[in-house]
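A quick write-up on the structure given underneath.
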Protein chains: 2
Amino acid sequence: MGDVARIAGVSPSTVSLYLRRPDEVSEQRGQRIRAAVDRLGYLPNTMAGGLASSRSRIIGVLVPTISNSFFAATLDTLEKRLREAGYQLLIGNTEFDEAREEELVRSMMSWSPAGLVMTGFRHGRRTVSMLLDSDIPLVEMWDYGQPALDMVAGFSHYATGQLIARHLLERGYRDTAFISPRFSRDVRAGERYRGFREGIEQGRGRVTMRELSGATDTAEAGTLLSELMAERPSISAVFCANDMVALGVMFECQRRGWEIPERLAVAGFGNLEFTPNTVPPLTTVEPPKYEIGQQVAELLLARLGKSGEAEAHQVDLGVHLITREST
Amino acid sequence: MGDVARIAGVSPSTVSLYLRRPDEVSEQRGQRIRAAVDRLGYLPNTMAGGLASSRSRIIGVLVPTISNSFFAATLDTLEKRLREAGYQLLIGNTEFDEAREEELVRSMMSWSPAGLVMTGFRHGRRTVSMLLDSDIPLVEMWDYGQPALDMVAGFSHYATGQLIARHLLERGYRDTAFISPRFSRDVRAGERYRGFREGIEQGRGRVTMRELSGATDTAEAGTLLSELMAERPSISAVFCANDMVALGVMFECQRRGWEIPERLAVAGFGNLEFTPNTVPPLTTVEPPKYEIGQQVAELLLARLGKSGEAEAHQVDLGVHLITREST
DNA sequence: CATCTATTTCGTAGCGCTACGATAGCGGTA
DNA sequence: TACCGCTATCGTAGCGCTACGAAATAGATG
């Protein structure tokens, strides 16, 4: 920066000021500085800046796994919006593990990030206390309706389960099943199950639940469905924890020649890319995966703008039921 | 850190040394320092450290989009391996845009990252010169076989196309089609097409190519297939640029009652989660999506270990043809 | 033209850590 | 006991920037 200042014939402070708030420097010097920067290919040292100002343009984001298409979609918009505002994402995989989450929070905090984004409400004790002690803006995303630490952008998985329950009951399905990846691997699926079961039971229906044991959703869903239907042939509808599972179920029906929805109605969750296009088109629930990213960015930016005002904002983005021919 | 030193009754330098290389500090003081750190909940300030040592534990990663399941899988393993080694990922979306890529490289560089990871070989002129001027270890991933700037971990998409061509020819398919997202949105698909076309033409076959116009692969694949088959009913096999497109094609066949592979053989690329499970199971090519992440991490760590030795390493991870009943 | 105010520019003192050379401490040897 | 060579510890000088108050300049007013 010294070099830039020398070449532009101004003091380093002026260069620094120009780089941060160009409109507070006269047009004349601004031009000279700009020229010098270009000529030298000068890149400011972000760490030095961060140290001096004790704040950074970093947003730490923690997700259970990046390779889940829901979180990936959220990360995508989140990154876009925040980059536009000059922030960068430091991303960490918690792998559904509280210890790892704590470790990651610790290392994110050591960057004095401008904000932190985490997935869900369940965090370890020590993690929570670190979070509360710091005054770093925090958004918990993808869930809604439970006590939060600061801001929230998500939706209620419980309500989602109820929504599907109501839909199936309306269509006259009473004997139902729920097929899901292990709840330990997907807490949110567990919440959807709770909502679904309560909804169905309130309607005097019945739910049989099965958790997949493996990591891949589609493959095992088929065999699990066969077992389930052998055990209890009266089941007339199945709600799958996500569209991948539903796809597996539909393939199994196709193999067995079972008509959907006549023999078995199928509903999913996610409205993935292929979902509108299955045979028959799959009834599902569309989660606001992109909107969450968008909203998280907005909450963060709002808080970062007017510092001081520490109003906690929690927003429920809701879901849409998409009724198609599979139910 | 001063506080920790005071409480532990040692000098700040010793604390710093302990935190970086614990085995160079006596067991006795180490213990006292550890106690003080715990007691104060001390978190080192990474930026100060980075400034002082002029290097950081950051790896910048640029992908065209996070929400592509291939890159997401790579990011997942990459993050895991690098976190184990004490590094963190700064992630950027280039959105297939060279200008944005340049901007991102610039802002990554301003963090003096320990390494940089980019997708593919096509970069803007200025980006390339920034990259070459710096001596930051760089890995270009997901491609192989073209001139690289430094290290490479990927595979040849051209060879992948040829592999499928050979397979289809062996099975007696000569009149083929290739359906793909726009090459501008997926350069790699374009490479697979090149390899496929040359392979088929060498075998005296024929390829009709169609690009999807929209963003969603599955939905449009069906209508495109219909048009294609109306125009040229003699087509007996279609190679889809990815399994999502293939899924769309298969659904369309199901709707029309076309037997796969009797009426039309289908092959894909990706071996996605659902692929082994379609009806009939889909022939596809398995890309080393996790292995790339792994390999990128290894190349980077090897280079970061023994500094100085700037041997460029380029590794071709290859692909596997997975023959199933759809061809 | 002097005076006052608002704006632009500048100088200096850190931010919290690491690197490096200086110092202290220790056991072994003559 | 004096001396050596080693390792463990410490002190100090930055790393490259920003914040803040002081100084300089420009513009407005009587």
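Letters go in sequence order (proteins before strands), and every chain restarts at 1.
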Ring centre gap for F121(A) and H123(A) strictly below 6.0 Å: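 No, ring centres 6.0 Å or more apart.
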
Check R303(A), M141(A), Q314(A) against M151(A) for a side-chain contact (heavy atoms from CB on, under 4.5 Å) and give me the one that passes.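 It is R303(A); the other options fail the test.
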
Interatomic distance where [atom1] belongs to [X] and [atom2] belongs to [N] [whole Å]:
X: L51(B); N: dG16(D); atom1: CG; atom2: C1'; answer: 6 Å
X: N45(A); N: dG14(D); atom1: CG; atom2: P; answer: 18 Å
X: R57(B); N: dC17(C); atom1: CZ; atom2: P; answer: 17 Å
X: E27(B); N: dT9(D); atom1: CD; atom2: P; answer: 11 Å
X: L43(A); N: dC17(D); atom1: CG; atom2: C1'; answer: 14 Å
X: M1(A); N: dC17(D); atom1: CE; atom2: P; answer: 6 Å
X: R20(A); N: dG16(D); atom1: CZ; atom2: C1'; answer: 13 Å

Base-contact (B) and sugar-phosphate-only (S) positions in nucleotides 5-10 of chain C, heavy-atom cut-off under 4.0 Å, - elsewhere: ---SBB

For Y18(A), which contact category applies under a 4.0 Å heavy-atom criterion: base, sugar-phosphate, or nothing?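 If one applies the 4.0 Å heavy-atom cut-off, Y18(A) turns out to touch nothing in the nucleic acid.
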
Sugar-phosphate only, base, or nothing, as touched by R55(A) at under 4.0 Å among non-hydrogen atoms: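 It contacts sugar-phosphate atoms only.
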
Using heavy atoms to find the nearest nucleotide of DNA chain D for A52(B) and V15(B) separately, return the residue whose nucleotide is more 5′.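 The answer here is V15(B).
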
Sidechain N-carboxylate O distance under 4.0 Å for E103(B), R100(B):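 Looking at R100(B) together with E103(B), the answer is no, because their closest N to O distance does not fall below 4.0 Å.
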
Between the side chains of E27(A) and R34(A), is the shortest nitrogen-to-carboxylate-oxygen separation below 4.0 Å, so that they form an ion pair?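 Result for this pair is yes, salt bridge flagged.
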
Is there a side-chain polar atom (N or O) of Y42(B) under 4.0 Å from OP1 or OP2 of dC17(C)?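 For Y42(B), the contact criterion (side-chain N or O under 4.0 Å from OP1 or OP2 of dC17(C)) is met.
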
Does a side-chain N or O of R21(A) approach OP1 or OP2 of dT18(D) to a distance below 4.0 Å, or not?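 Indeed not, no polar side-chain atom of R21(A) lies that close.
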
In terms of side-chain heavy atoms of P44(B), which of dC17(D), dC17(C), dT18(C) is nearest?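 Closest of the options to the side chain of P44(B): dC17(C).
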
Without swapping roles, check the side chain of [X] against the backbone of [Y] for a donor-acceptor pair under 3.5 Å.
X: S56(A); Y: S112(A); value: yes
X: T74(B); Y: G293(B); value: no
X: R81(A); Y: Q295(A); value: no

